[in-house]
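Written out below as structure tokens is the structure these notes cover.
Being a predicted model, the structure only gives us computed values, none of them experimental. In the text below, chain A, chain B and the rest are named by the order of the sequence lines, each starting its count at 1.
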4 protein chains.
Amino acid sequence: MSTKINIMKAATELFAIKGYEGTTLKDIANAVGIKPPSIYAFFEGKEDVLLHIYQEILDEHHKHLQDMLEQLKNGYAKNKLYGLLVTAAEYHLSEAGKMKLFRRLMLFPPEILQSEITESFQKLIAIERQAINAVFEEAIRNKEVREGKSEDMTTAFQCLMNGLFLESQYYDEQEFYLRLDIIWEEYWMGISRKD
Amino acid sequence: MSTKINIMKAATELFAIKGYEGTTLKDIANAVGIKPPSIYAFFEGKEDVLLHIYQEILDEHHKHLQDMLEQLKNGYAKNKLYGLLVTAAEYHLSEAGKMKLFRRLMLFPPEILQSEITESFQKLIAIERQAINAVFEEAIRNKEVREGKSEDMTTAFQCLMNGLFLESQYYDEQEFYLRLDIIWEEYWMGISRKD
Amino acid sequence: MSTKINIMKAATELFAIKGYEGTTLKDIANAVGIKPPSIYAFFEGKEDVLLHIYQEILDEHHKHLQDMLEQLKNGYAKNKLYGLLVTAAEYHLSEAGKMKLFRRLMLFPPEILQSEITESFQKLIAIERQAINAVFEEAIRNKEVREGKSEDMTTAFQCLMNGLFLESQYYDEQEFYLRLDIIWEEYWMGISRKD
Amino acid sequence: MSTKINIMKAATELFAIKGYEGTTLKDIANAVGIKPPSIYAFFEGKEDVLLHIYQEILDEHHKHLQDMLEQLKNGYAKNKLYGLLVTAAEYHLSEAGKMKLFRRLMLFPPEILQSEITESFQKLIAIERQAINAVFEEAIRNKEVREGKSEDMTTAFQCLMNGLFLESQYYDEQEFYLRLDIIWEEYWMGISRKD
DNA sequence: AATGAATGAGACTTCATTCAT
DNA sequence: AATGAATGAAGTCTCATTCAT
């Protein structure tokens, strides 16, 4: 029964590294220690494997998003936003394979799933955006950050997150966390209210 | 002949959208209006097409980098850095196919070229980093930006660039430029010296 | 158990419509509401299923032949021959699936069973032929039909039967019986003694 | 260039004997002396091979039908009808493979082409029926055959043809022609006008 | 320079079958 | 009696590539 899970794990890793088209069912089967036809006992085909993984990633991402939103409820904006970055970073690093695949699907979706993927990803981003925006609105009211439009701050913060999580792929864990802190410091220095 | 160029153009576009493994020589030939074997009159094979394109992208990138460095020679840091973003943005948008492939190769290189690609890309980034760093060093001296480590500022700026150019893929041209300006304003507000 | 019977029923229908090669054990299992491996509790394999069905058809055909021969014992030739056609027609229509498979196996036997099938079918035809021939011999003696060789009459009658039962596959029941009566009338008009 | 023709010839023969599902591309390729992928240089796939063959058979059948209709224009009904049988018999025997496949497709069409095949075959039969009916109408007027409905005579004659051409598959050429003549004699004896 | 014909390698997938449960 | 898991064998088809023209 764990074979299905093993297939998904192996396929996630392989799709992330070699891409959907670059990965063969043989690759996946080899990684699991079974033969290619056995995959069909659990999935309808290669596409179906990807779809299941994609669904799983989406579900987990939603759960993760809930955790992050929880994080954004109470406390100072500084802690909230930094916590957001760190939580997200930890998530990206702890689920390296899944997240690499997530980024790949987001940026370069395989033709077949293009529309489906694009749509659901945009929803995710919108939810995220709304939550972050709320933080900035409150932070402006509380004078935790300088004056400005919360919408624009959100735009800039999302850009920062995008940059960071693209970088999570280039650098090893240690270096990444170093950069994360540098970037955060630089960022907070610019956005925070100095008085 | 112009066929060779057409093949490279078509292949660039297709590799960018469908990936190297997801693109067939037939796809390329169809796009050009020839038959697959004709490609072998100009290239040694599929891999060779990618290698030529990759080389081309690299060369152009170097040229583009020269333009950018030129930009960074004289003037105020504010203009230099903003000019950098705009120049890069224009480049990314005018050569959409090439740049999409550039990002793809950078983030998800096909197995065969992995080491080669990783290496040369890191060189590019290093050059870029050095140039940007120089701008910040001077800007700190000139008190155009607040006090701080130029290295850290460079790190943050690169993160911003990465975020932006990842976003150049999500948003259409108009929206992208809007975001670019918002992000720049937010950024400059934070980094500039207020007195 | 009744499952065995259900398998044979479903397989008969499917072999008839889709052919032996065109039918999968999954098709059969689906039709029965079981899973493919369950078939192996009753049969040695796909070929064995066909063999059992084939044997069943053969046995029933022999029984049916006995009924028909019974029919040919007493009475007028006209009634005998017409009765033969009607009885056979009813049989073909009541056991549509079985008879469609019968025709298929007869005309286009799957390679594996070719020799076996050909042989046993020729026996059936020979028995049939002999019985019909006897009817004509007597009918000629009794002057129920015109003068002629009983062998030739049998040959013609068999041709008529073949034509009819090929047609039983084209036309729906109602139309088939209409044609049967027309053909019989035409036939009997030609063969009967007019005086 | 003749490879395409060879493929069609080989496939016709194999589809006739082993059925569409029972024939593999390897079987066909072997018969032609090529490898399976080469078939794709001429056809889109296995189904496409069948479709082309089917179209060819249909076209030839239409041509053959024209020949037969020509045959039915002038002369005595006896000669016309007997000529019809002989011409058809010669056709069936000279193109044994094609005609065996024709019968197979007519009686047991592979699922994919079922509707298409059924439709076009019914058209063929209707044309044939009309032509034969005309012969009987004239023959009744000319008192070449006994009184009766031409429609019914046509029905009976078609049944005879069906029977005969089903038999063309059982018996070898010599025996088939013997039976053909016997059946014809028996038939004509019954239908002709005796005075 | 271009391509029709051909193919080895290999991909995805189906299928009959086995076996432990 | 029934099936989930697994697989060897084989089928259809794609693809990069070669070669003669």
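The distance from atom CG of C/N6 to atom P of F/dA1 is 14 Å, rounded to the nearest whole Å. One can place CD1 of B/I28 at 11 Å from P of F/dT17, the figure rounded to the nearest angstrom. In this structure, the NZ atom of A/K26 is 6 Å from the P atom of E/dA11, given to the nearest Å. Going from atom NZ of D/K35 over to atom C1' of E/dG10 covers 16 Å, rounded to whole Å. The separation between D/I5 atom CD1 and E/dA5 atom C1' is 15 Å, rounded to whole Å. As a whole-Å value, the separation of C/E21 CD from F/dA10 P is 16 Å. When the C1' atom of E/dA2 is taken as reference, atom CD1 of B/I39 falls 12 Å away, rounded to whole Å. F/dG11 atom P lies 13 Å from atom CG of D/L14, rounded to whole Å.
Between the side chain of D/K46 and the main chain of D/T23, a donor-acceptor pair closer than 3.5 Å is present. In this structure a side-chain-to-backbone donor-acceptor pair under 3.5 Å is present from B/Y54 to B/E116. No donor-acceptor pair closer than 3.5 Å links the side chain of A/Q169 to the backbone N or O of A/K100.
Both A/Y40 and C/G45 lie close to DNA chain E; mapped to their nearest nucleotides by heavy-atom distance, the more 5′-ward contact belongs to A/Y40. The residue among C/P36 and A/E47 whose nearest nucleotide of DNA chain E lies closer to the 5′ end is A/E47. Mapping B/T23 and D/D27 onto DNA chain F via the closest heavy atom, the residue that lands nearer the 5' end is D/D27.
Between A/L105 and A/P110 the shortest side-chain heavy-atom distance falls below 4.5 Å.
The nucleotide E/dA6 finds its pairing partner in F/dT17, both defining distances of the Watson-Crick or G-U wobble pair being shorter than 3.5 Å. Using the Watson-Crick or G-U wobble rule with both distances under 3.5 Å, F/dT12 pairs with E/dA11. With both pairing distances under 3.5 Å, F/dA1 is matched to nothing as a Watson-Crick or G-U wobble pair.
You'll find that the side chain of D/I34 is closest to E/dT7, out of F/dT3, F/dA5, E/dT7. In this structure, of E/dT14, E/dT17, E/dT3, it is E/dT17 that holds the atom nearest to the side chain of C/K46. Side-chain atoms of D/L25 lie closest to F/dT12 of the nucleotides E/dA16, F/dT7, F/dT12. Distance from the side chain of B/P37 is smallest for E/dA5 among the nucleotides F/dT3, F/dC15, E/dA5.
At the heavy-atom level, D/S38 lies under 4.0 Å from base atoms of the strands shown.
At E/dA1, none of the side-chain N or O atoms of B/T3 fall inside 4.0 Å of OP1 or OP2 (strictly under the cut-off). For F/dA10, neither phosphate oxygen OP1 nor OP2 lies less than 4.0 angstrom from any side-chain nitrogen or oxygen of D/T24.
Defined by atom type and a distance below 3.5 Å, a donor-acceptor pair is present between the side-chain atoms of A/T24 and A/D27.
Relative ring orientation between C/H61 and C/F102 is described as parallel, the plane-to-plane angle staying below 30° on a 0-90° scale split at 30° and 60°.
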